[in-house]
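Written below as structure tokens is the structure these notes are about.
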Amino acid sequence: MRVAGVHRRTIWLADDGWTVEVIDQTRLPHAFAILPLRSADEAAVAIRDMIVRGAPLIGVTAAYGLALAMRADPSDTGLAAAASLIGEARPTAVNLRWAVARMVAVLQPLAPAARAAAAYTEAARMADEDVETCRAIGAHGLGLIETARHGGRTVNILTHCNAGWLACVDWGTALSPIYQAHDAGIPVHVWVDETRPRNQGASLTAWELAQHGVPHTLVADNAGGHLMQHGEVDLVIVGTDRTTATGDVANKIGTYLKALAAADCQVPFYVALPGSTIDWTLTDGVKQIPIEERSAREVTHMTGRDADGTVRTVDISSPGTRAANPAFDVTPARLVTRLITERGVTHASRAGLQALYPEHAV
Ligand code: MRU
């Protein structure tokens, strides 16, 4: 997608051919900064500290992290150590483990001397596949937006967190249908949940929609139910970090409450995902999906820009306040109207998913 009119991906190789470069998402929207990653340690830190985030981008960064590891130590021990370091950087997004497992499966059978080159090739393939997957998700989701366009009026879409191109390599998952609708001349307007505590909506989604010229309005997380009750939302589209074989979805904390409000107001609630987000081993998302618990400081503190342009982090709570920070919640399949995948739109159920991914049929 475009940044100041220039097409960019979220991850690429530097001119030296081996350093990995990413957009430092902790600096947006106040600064557009590029960060080089030169080791597996740096890749793991980038994932853990959310310099890169979003399930698909976490996966591709993990793949490049293993490529960096193979440059330094391509032995069996080096591969196992890097796979474990990177694979444990964040717990909820299954793409991370999916990407690490795929890289290990490619690299393990090779002689150590061949591993670094093969790792870079495989990571680049995963990045390219992610772009095509997200483009296809958008093409399938576009039809749902078209259907909601009753007689030429603007389609109002609510989204939570950032499931746009910043969360992937390009296009995004939940935002891909929106970009494609906008590009096709369908009038769309996006309600952007701010997404406390880290404000991915305010800092990232609003920023990338603005870069692409998509009309949007930032709202406090708690506004969604009210907007739905008053007919201001035609549909909701969100992403997911892990989807069970039965169609439950884990996504950014607060997603479940939006799904409850959508069900109460008969607003369609769509979840967009690549197949790599499906954890075929799980059947009950609430009981089985591990939920990342992040630092309490993300709740007690907020970062923003002063009138003089200085970016500051301030405490918003009474000193010593205890805070809890579960980073994801699970929306049960019964609240999901449809899943939008790279292979088409389907029911959030085992039958629905297996119809699209017959290779995982049991
Ligand atoms: O904690 P984050 O910012 O990595 O959470 C991201 C989300 O919740 C996204 O909605 C999800 O990864 C889907 S991304 C296409």
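One-based numbering, in listed order, for ligands and for the atoms of each.
- At a 3.5 angstrom cut-off on N or O pairs, G54 counts as close to ligand 1.
- A search for side-chain contact (heavy atoms from CB on, under 4.5 Å) contacts involving A14 returns D16, T19, E21, not counting sequence neighbours.
- Interface atoms of ligand 1 facing M50, defined by a heavy-atom separation under 4.0 Å, are 1 (O), 2 (P), 3 (O).
- Within the listing of ligand 1, atoms 15 (C) sit less than 4.0 angstrom from a heavy atom of T173.
- Here the OG1 atom belonging to T133 is positioned 9.0 Å from the CZ atom belonging to R343, to the nearest 0.5 angstrom.
- Residue D241 has at least one N or O atom closer than 3.5 Å to an N or O atom of ligand 1.
- Contact atoms of ligand 1 toward P56: 14 (S), 15 (C) (distance under 4.0 Å to a heavy atom of the residue).
- From the protein, the heavy atom lying nearest to atom 14 (S) of ligand 1 is A167 CB, 3.6 Å.
- Annotation: atom 9 (C) of ligand 1 to nearest protein heavy atom, N251 OD1, 3.4 Å.
- For ligand 1, the atoms sitting less than 4.0 Å from at least one non-hydrogen atom of Q200 are 1 (O), 2 (P), 3 (O), numbered in the order shown with element in parentheses.
- In the vicinity of A55, heavy-atom distances shorter than 4.0 Å reach the ligand 1 atoms 12 (O), 14 (S).
- Residue-level proximity to ligand 1 for L273 is absent, since no heavy atom of it falls below 4.0 angstrom.
- Checked by distance only, ligand 1 and R53 come closer than 3.5 Å through their nitrogen or oxygen atoms.
- Residue pairs meeting the ring pair (Phe, Tyr, Trp, His ring centres under 6.0 Å) criterion with at least one partner in residues 305-360, sequence neighbours excluded, are W280-Y357, W280-H360.
- Close approach of ligand 1 to C168 is summarised as follows: ligand atoms under 4.0 Å from at least one heavy atom of the residue are 15 (C).
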